[in-house]
Amino acid sequence: MSNSRMIMSVCCAFLFCNALPSSAQEVVKKLSKEEATNYIRTVATMKQAVGNQLVCKRMMEEKQKILKSMISIMQKDHGIDPDASYVFIAEEKTLFQVSTNKVAVGKEADRKLIKKFNTKEEAAPLTQLMSSRQRLERQIVSLAELTVENVQTSKRWEATLKKTFSLEPSSDYNIVKVSDSEYNLVRTKTESKNASEQPKKEASDKKEKKSK
């Protein structure tokens, strides 16, 4: 089950009312006020981690699109192969393609001259592109790391919820206030998509048989 599905399951609502849960709901655990507060805080923290994960992922995808567009421009205007490695020496106004083959310790990788500019002004567009590309690539790496970090955080809180409150992934949960000091964690079973669509399928099959 995905983290976002878990959030939807355990965080569908925080119901505080004096009425007891209906027969369609099952009391999973009786909670003190402190335990109920801890439950709410845990769900909120996990929800925030999942939200951060989605934001980081969306930002990373946007920057990857920009990077792809930038690489396309570099390929068109400067003959740069997207799959090759390059180094641009701004002081020398020179672009080299760098070999990715393993080299002996103490030796530099082989370099192939791709382009040499006559002036700094002529080299300025590529200088800016190379600088922007490096910055974007660092940002993408950082966002990827943050995404993984938030995934791990949400999984830890999910495990805490399952262990502490015995949650089931196929259910929705609410907090019901019984009194100022007593709360119930109640569960409502959620039908799967296949189960909910089964009666429709059976009705359709019967209709087809009659038409024949």
Side-chain angles (χ1 to χ4, degrees), residues 1-12 41-163 167 169 192-194:
M1 181 189 61
S2 65
N3 293 325
S4 57
R5 173 62 186 138
M6 183 64 183
I7 286 298
M8 291 178 67
S9 296
V10 301
C11 198
C12 57
R41 286 176 178 171
T42 301
V43 171
T45 303
M46 185 175 71
K47 185 177 181 182
Q48 183 178 16
V50 172
N52 291 341
Q53 170 197 337
L54 296 176
V55 169
C56 288
K57 184 178 179 181
R58 185 167 62 250
M59 289 177 65
M60 183 172 63
E61 289 172 348
E62 289 173 354
K63 290 185 181 295
Q64 285 173 333
K65 288 180 182 178
I66 296 173
L67 179 61
K68 184 178 180 181
S69 176
M70 189 178 296
I71 290 174
S72 178
I73 293 172
M74 295 171 75
Q75 183 180 17
K76 179 181 177 182
D77 295 348
H78 303 285
I80 292 179
D81 183 352
D83 299 322
S85 297
Y86 295 86
V87 59
F88 180 66
I89 303 176
E91 295 78 8
E92 299 178 8
K93 305 178 290 294
T94 308
L95 177 68
F96 292 97
Q97 182 174 327
V98 182
S99 172
T100 56
N101 296 329
K102 291 184 178 180
V103 296
V105 178
K107 291 187 177 182
E108 293 185 358
D110 293 335
R111 299 193 303 185
K112 176 185 177 182
L113 178 64
I114 301 299
K115 183 180 286 189
K116 183 173 177 62
F117 297 93
N118 296 318
T119 64
K120 287 184 178 180
E121 290 72 21
E122 188 182 344
L126 182 58
T127 302
Q128 186 176 358
L129 282 169
M130 293 293 287
S131 177
S132 298
R133 177 178 177 174
Q134 290 174 352
R135 184 169 60 253
L136 268 175
E137 288 174 337
R138 288 195 297 268
Q139 290 173 348
I140 290 170
V141 169
S142 296
L143 287 168
E145 291 173 349
L146 283 173
T147 300
V148 171
E149 182 180 328
N150 280 294
V151 168
Q152 293 173 342
T153 298
S154 62
K155 284 183 177 180
R156 285 197 299 270
W157 286 115
E158 180 181 333
T160 298
L161 283 169
K162 287 181 179 179
K163 181 178 179 181
L167 303 185
S192 67
K193 184 177 179 182
N194 291 337

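Note that the numbering runs from 1 along the sequence shown for the chain.
Looking at heavy atoms from C-beta onward, Val55 lies in side-chain contact with Arg58 at the 4.5 angstrom threshold. Here the side chains of Leu146 and Met59 are not in contact, with every heavy-atom distance at 4.5 Å or above.
Between atom CZ of residue Phe88 and atom NZ of residue Lys93 there is a gap of 9.0 Å, rounded to the nearest 0.5 Å. Taking CE from Met130 and CD1 from Ile80, the interatomic distance works out to 5.5 Å, rounded to the nearest 0.5 Å. How far CD1 of Ile66 is from CG of Leu136: 6.0 Å, rounded to the nearest 0.5 Å. Note that the OG1 atom of Thr147 and the CD atom of Glu149 stand 10.0 Å from one another [nearest 0.5 Å]. A distance of 9.0 Å separates CG in Asp77 from OG in Ser72, rounded to the nearest 0.5 Å. In this structure, the separation between OG on Ser99 and NZ on Lys112 is 11.5 Å, given to the nearest 0.5 Å.
Scanning for side-chain hydrogen bond (donor to acceptor under 3.5 Å, both in side chains) contacts around Thr153 gives Arg156, with sequence neighbours left out. Partners of Ala84 according to the side-chain contact (heavy atoms from CB on, under 4.5 Å) rule, which considers only residues two or more places apart in sequence or in another chain, are Asp81, Tyr86, Gln97. Residues passing the side-chain hydrogen bond (donor to acceptor under 3.5 Å, both in side chains) test with Glu137 are Arg133, sequence neighbours excluded. Applying the side-chain hydrogen bond (donor to acceptor under 3.5 Å, both in side chains) test to Gln139 and every residue at least two apart in sequence or in another chain returns Lys63. Take Glu62 and apply the salt bridge (charged side-chain N to carboxylate O under 4.0 Å, His left out) test, not counting sequence neighbours, and it matches no residue.
Of the possible polar contacts, one joining the Lys116 side chain to the Glu92 backbone as a donor-acceptor pair under 3.5 Å is found. Using a distance-only test at 3.5 Å, with no hydrogens or angles considered, a donor-acceptor pair links the side chain of Ser154 to the main chain of Asn150.
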Exercise. Walk me through it: do Leu95 and Met74 pass the test side chain to side chain contact (heavy atoms under 4.5 Å, CB included)?
Key: CA-CA 12 Å; Leu95 177 68; Met74 295 171 75; over 6 Å; no

Exercise answer: donor-acceptor pairs, residues 120-129 side-chain atoms, under 3.5 Å, sequence neighbours excluded:
residue: Glu122; atom: OE1; partner: Asn118; partner atom: N; Å: 3.3
residue: Thr127; atom: OG1; partner: Ala123; partner atom: O; Å: 2.9

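Salt bridge Glu61/Lys65: absent, no basic N to carboxylate O contact under 4.0 Å.
Within a 6.0 Å radius of NZ in Lys115, more than 12 heavy atoms belonging to other residues, nucleotides or ligands are found.
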